[in-house]
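Please read the structure below before turning to the comments.
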2 protein chains.
Amino acid sequence: MESRPDFSYVAKLMGDSSRAAMLEALLGLDGLPTNELARKANVSLQTASGHLAKLVEGNLIRVEKHGRHRYFRLASPDVAHAIETLTVIAPAPNIKSLKNFSRAEKVRIARTCYDHLAGKLGVSLTEAFIQKGYLAEGENDFLVTDKGEKFFSDFDINLDVLRNQRRYFARKCLDWSERRYHLAGALGNAVLLRLLDLHWIEKLPDRAVKVTRTGRVGLYESLGITDCKV
Amino acid sequence: MESRPDFSYVAKLMGDSSRAAMLEALLGLDGLPTNELARKANVSLQTASGHLAKLVEGNLIRVEKHGRHRYFRLASPDVAHAIETLTVIAPAPNIKSLKNFSRAEKVRIARTCYDHLAGKLGVSLTEAFIQKGYLAEGENDFLVTDKGEKFFSDFDINLDVLRNQRRYFARKCLDWSERRYHLAGALGNAVLLRLLDLHWIEKLPDRAVKVTRTGRVGLYESLGITDCKV
DNA sequence: TGGATAATTCGGTTATAATCGAAGTATGGA
DNA sequence: TCCATACTTCGATTATAACCGAATTATCCA
C-alpha cells in the first residue's frame, strides 16, 4: 500500500477512552505517576500499566523513573497539538447533568491547554493584548508589536529568552470552547507562569483555572479585562 | 468526567485501518465513489459502506449523491490537517520490499497533500520561493513579499482572490517525509493547479506526482530548481 | 532484614466491532 | 417495464483487545 507513516496506529492508541483520559490528564500537568493516571482514567492499576506501556511504545508519552515512582509526561508539544487538532474536529459534548454542566462551565471559562491559558480567559486575555496593541494578529501566529515589547518587558517576561527556545514563539491556538484563538507557544506559557507567580490565577483540579481577587483587580487595571467571573 | 469534545471518538474512527485507507485516499482527490473507496481500502463494498456511514456520522467526510453514485470527500481542511498532524507523530514506515521502496520513493519525492504539493518537490518549490524572495517565512505561515506579489501575478495566480477565500492563505505545512515545510493553504493549492495547468507536473496513481520534461525546464528557468528527478 | 508501597506481568473472561454473504433498496437506461 | 448497476442493510462469524484478580518484581525505609 501507501508507504507513509501509519496515522491509524497513533489514532488507534488515542481512540481508547482510558488512554485518552490519561493523555488528557497529561495535557495540563507536567508529569503524573502511574497510580494517579489510573485514578484519572478510572481503571485499575494493572490496566493503566498496560495502557501506559502502549503509549510509551507508540512514542506518545515518555517515562522517567524516580525510585519506585514512574512519572509520565507527553512526549512532545506535537502530541499535544495532535490532541487539540482532534478536539477541534470532535463532536461537541452532550451535557447530561447539572454537576457536569457546572464543571463544563468552569473548564470552558478558564483552563490550561498544554502549558498555556485557554478558555474564555485565555481568549479574553489574548484579545485584550491585541486591543491594547501589544500583539498583532498574523495568519497562524501572533506578532509582538513595539508597544508589546515594552509591555511584556515591564510584565517581567523576557521575550528574547522565549524567542531562543526551540518551540513556537507566539502561536495561535484555536480554542475549542470559544471557537476563537488564544495565545499559545513559549509566550503563552510565559504568560501563564507569570499570572500564577502573581497569584492572579490559581489552578483547580482537572486543568480548570480560577481568577483570584487580586487577579481580577490586576487584570482590570493592566488590561481592562472585566469579565472575570468564576 | 471532563466535559470537553471527546477526541477519542474521532481518533477511534481514524484508528481503523480500512477507514484510514479511505481517508487517505480522499486526501489527494476531490471526491471518490463508494466502490472506488472499497477498492482502495481492499474491503468488500458492504464493509466500505458501513465504514463510510460512520465517517459521515462523525463528520469526518461528506457525501454527495449523483443519481446512483455517491461521492465522498473530506468534510473540511481541518480533517486533513488532523490527519497530517497525526502523521507527523506516527512511527516511520518499515520498507519491506523493493516494490514498496520504489513506490515510497516516488511518493516521498512529490505528491499531493490534500490540495497542494508536498514531498521533496513541494519543499524545493517552497524553498525556492523563499530564496528568490517571493515568500518570507513567518512562524506558522508564509508572507508574500512585494516581489512575490509581482511574481505570482505574472504566474497567473491572483492573490487577492485567494486572500478572500475562507481558508488559510499561505500556510506552513510540516512535510512528514522531508521534515521541512511546504506551502499549503489557498496559495499552495493555486500553485498546484497552475503547475498542472502548465503541464509542468502530472498526477500519478495514489497521490504521487511526476514532473514532466516541460516542467523540468520551466522549474529551472523560473525558479532555478534543478533536482527534479522522477 | 522484613514489611510497605509502587508497578509490572500473567492468564482467563468478556465486550466490541470488523467482516462478508445474502437480501433488499435506489437509480439509470434501453 | 425490465435489467443492470450502485449502494445499503441484516445477521452470523470471528478476531481483537480491554479488563481485573492474582502473582511477581522493584524500590524504599525503619
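Each chain gets a letter, A, B and so on, in the order its sequence line appears, and its residues count up from 1. Heavy atoms only: backbone and side chains are in, while hydrogens, waters and symmetry mates are out.
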Counting side-chain heavy atoms from C-beta on, which of C:dC20, D:dC20, D:dA18 comes nearest to A:Ser44? D:dC20

With rounding to the nearest 0.5 angstrom, report the CE to CD1 distance, A:Met14 to A:Ile83. 5.0 Å

To the nearest 0.5 Å, what is the distance between OG on B:Ser44 and CG on B:Asn35? 12.5 Å

Mark yes when over 12 heavy atoms from residues, nucleotides or ligands other than A:Glu202 sit less than 6.0 Å from its CD; otherwise mark no. yes

Indicate the ring-plane relationship of B:Trp200 and B:Phe155, choosing parallel, tilted or perpendicular according to the 30° and 60° boundaries. tilted

Length of the NZ-P vector between A:Lys12 and D:dT16, whole Å: 10 Å

In Å, rounded to the nearest 0.5 Å, how long is the span from OG1 of B:Thr34 to OH of B:Tyr71? 9.5 Å

Using the side-chain heavy atoms of B:Val43, tell me which of these nucleotides is nearest: C:dC20, C:dA17, D:dC19. C:dC20

Of the listed nucleotides D:dT9, C:dC20, C:dA17, the one nearest the side chain of B:Ser49: D:dT9

Are A:Arg73 and A:Glu64 ion-paired here, with the side-chain N under 4.0 Å from a carboxylate O? yes

Send over the distance from A:Leu45 CG to D:dA23 P, rounded to a whole Å. 17 Å

To the nearest Å, give me how far apart CG (B:Asn42) and P (C:dA18) are. 17 Å

Quick one: is A:Thr47 getting a side-chain N or O under 4.0 Å of the D:dC20 phosphate, OP1 or OP2? yes

Under-4.0 Å side-chain N/O to phosphate OP1/OP2 contact, A:Thr34 with C:dA7: yes

Taking atom C1' of D:dT8 as reference, at what distance in whole Å does atom CG of B:Leu37 sit? 15 Å

Interface residues of residues 50-72 of chain B with DNA chain C (non-hydrogen, below 4.0 angstrom): B:His51, B:Lys54, B:Gly67, B:Arg68

I'd like to know if B:Arg39 and B:Glu36 make a salt bridge, using a cut-off of under 4.0 Å between side-chain N and carboxylate O. yes

Over how many whole Å does the gap from B:Asn35 atom CG to D:dA6 atom P extend? 6 Å

With respect to the side chain of A:Pro33, which nucleotide from C:dA7, D:dA6, C:dA18 is positioned closest? C:dA7

Output the rounded distance in Å from CD (B:Gln46) to C1' (D:dT13). 14 Å

